[in-house]
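Heads up, the thing below is written out as C-alpha cells.
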2 protein chains.
Amino acid sequence: MSNCLLPDMDRYAAVFNALSNPHRLQIYSLLSGCCTPGTTCELGTLTDYCVGDLGEHLDIAPSTLSHHLKELSNAGLIDMTRQGKQVMCAVNPQTLGEVREFFNPAAHA
Amino acid sequence: MSNCLLPDMDRYAAVFNALSNPHRLQIYSLLSGCCTPGTTCELGTLTDYCVGDLGEHLDIAPSTLSHHLKELSNAGLIDMTRQGKQVMCAVNPQTLGEVREFFNPAAHA
DNA sequence: TCTATATTTCGAAACATGTCGAATTGTTTA
DNA sequence: TAAACAATTCGACATGTTTCGAAATATAGA
C-alpha cells in the first residue's frame with residue numbers, strides 16, 4: 001500500500017487553487033468555525049452558513065461570492081444544499097481529511 | 001492565546017497559490033520525499049534536489065522551472081541555496097508546519 | 001582567460017481569473 | 001397569481017499567470 005499522491009496531483013492542485021484566493025480562503029475559514037466574530041477559536045467546530053450570511057463578512061458583490069462558492073464546491077472543499085430560499089454551505093469533511101493527509105502523510109500510516 | 005488565522009489570510013492564500021499549479025505541486029512533492037521514482041513512499045523524509053535534477057522530472061523549459069521555483073521560494077515553501085554551479089532546493093520545514101496547523105489546528109492546542 | 005555547465009532574467013504571446021452590474025432562476029409569502 | 005427575497009448565470013473588462021526562447025549571469029575547470 002502506497003501513500004503516493006502523484007496520481008492525484010491535478011486534483012490536489014485544484015484544491016489548493018480553490019484556497020489560493022483570499023476571499024475563498026476566508027469563506028473556508030468561516031465554515032471551518034475559525035474565528036467566528038465575537039468568539040474565540042473553536043477549531044474543529046465546523047459551522048454552517050447560508051450564502052447571504054457569508055456575504056456579510058466579505059464586501060464583494062453577490063455574483064462574485066456565488067462564483068467563489070462554486071469554485072470551492074467544484075474543488076470538493078464545501079457542500080452546498082438548498083433549504084428553502086437559502087443555500088447552506090458547509091465544509092466537506094472528507095476533502096479536509098485528504099488535505100490533512102497530504103501534509104501529514106505519516107500520521108495515518 | 002488564539003489560533004486565529006484570519007490575520008494571516010493573505011499569507012496562507014499565497015502559500016496555497018504557490019501549490020495551486022500542478023508543476024509546482026509536483027516539485028514540492030518531490031522535495032517532500034514523496035514517491036521518488038523507484039522507491040516506495042518514505043514520507044517525512046525530506047529530500048534535496050538541485051534545479052537541474054528537478055527539471056528531469058518535469059518536461060518544462062528551464063526558464064519556466066526557474067520561475068516556478070521562485071514562486072515556491074517567495075511563498076516560503078522551499079529554501080534555495082547555491083552550492084557551486086548548482087542551486088539546491090529543499091522544503092522549508094517551518095512553513096510546512098504552519099500549513100499543517102492550518103488544517104489541523106486542534107492538534108497543537 | 002576561455003569554455004562548458006547551471007541557472008536566472010527578460011520580453012512576448014496565449015490563456016485564466018476576479019470582479020462587477022444586469023438579467024435570470026428558484027422559493028416563499030401575501 | 002403577484003411580489004419579495006435569495007442566489008445564480010451571463011457578458012464584459014481589467015488584471016494576473018503560464019509558458020517559451022533568447023540573452024544574461026554565475027561558477028568551476030582546462
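The figures here come from the full heavy-atom set of this structure, side chains too, leaving out hydrogens, waters and symmetry mates. Labels below follow one simple rule: chain letters A, B, ... track the order of the sequence lines, proteins then strands, and each chain is numbered from 1.
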| Is there any salt bridge (charged side-chain N to carboxylate O under 4.0 Å, His left out) pair reaching into residues 60-74 of chain B, and which pairs are they, with sequence neighbours excluded? | B/Arg24-B/Glu71

| request: Kindly say whether B/Gly76 contributes a backbone atom to a donor-acceptor pair with the side chain of B/Thr95 at under 3.5 angstrom? | output: yes

| With sequence neighbours excluded, what pairs up with B/Ala13 under the side chain to side chain contact (heavy atoms under 4.5 Å, CB included) test? | A/Pro22, A/Leu25

Distances for protein N or O near nucleotides 15-19 of chain C N or O, under 3.5 Å:
residue, atom, partner, partner atom, Å
C/dG18, OP1, A/Asn21, ND2, 3.2
C/dG18, OP1, A/Arg24, NH2, 3.2
C/dG18, OP2, A/Arg24, NH1, 3.0
C/dT19, OP1, A/His23, ND1, 3.1
C/dT19, OP2, A/His23, ND1, 3.2
C/dT19, OP2, A/His68, NE2, 2.5

| remark: Here the residues of residues 84-93 of chain A within 4.0 Å heavy-atom distance, strictly under, of DNA chain D are A/Lys85, A/Gln86, A/Val87

| query | What's the CD-C1' distance between B/Gln83 and C/dA6, to the nearest Å? | reply | 13 Å

| query | Does anything in residues 77-86 of chain A pair up under side chain to side chain donor-acceptor pair (under 3.5 Å), and if so which pairs, sequence neighbours excluded? | reply | A/Asp79-A/Asn92

| For A/Ser63, all residues meeting side chain to side chain contact (heavy atoms under 4.5 Å, CB included), sequence neighbours excluded | A/Ala61

| query | Hey, does the side chain of B/Ser73 reach the backbone of B/Leu69 with a donor-acceptor pair shorter than 3.5 angstrom? | reply | no

| query | Taking the six-membered ring for Trp, are A/Phe16 and A/Phe103 parallel (under 30°), tilted (30 to 60°) or perpendicular (over 60°)? | reply | tilted

| Taking only residues two or more places apart in sequence, or in another chain, which ones meet B/Glu56 in a side chain to side chain donor-acceptor pair (under 3.5 Å)? | none

| query | Hey, which of these two, A/Arg82 or B/Gly52, hits DNA chain C nearer its 5' end, going by closest nucleotide? | reply | B/Gly52

| query | For B/His23, what residues pass the side chain to side chain donor-acceptor pair (under 3.5 Å) criterion, not counting sequence neighbours? | reply | none

| task | Go through DNA chain D in 5' to 3' direction and return only the first and the last nucleotide with some atom under 4.0 Å of chain A's heavy atoms. | result | D/dC5 to D/dT9

| Who are the side chain to side chain contact (heavy atoms under 4.5 Å, CB included) partners of A/Ala75, not counting sequence neighbours? | A/Ala18, A/Leu77

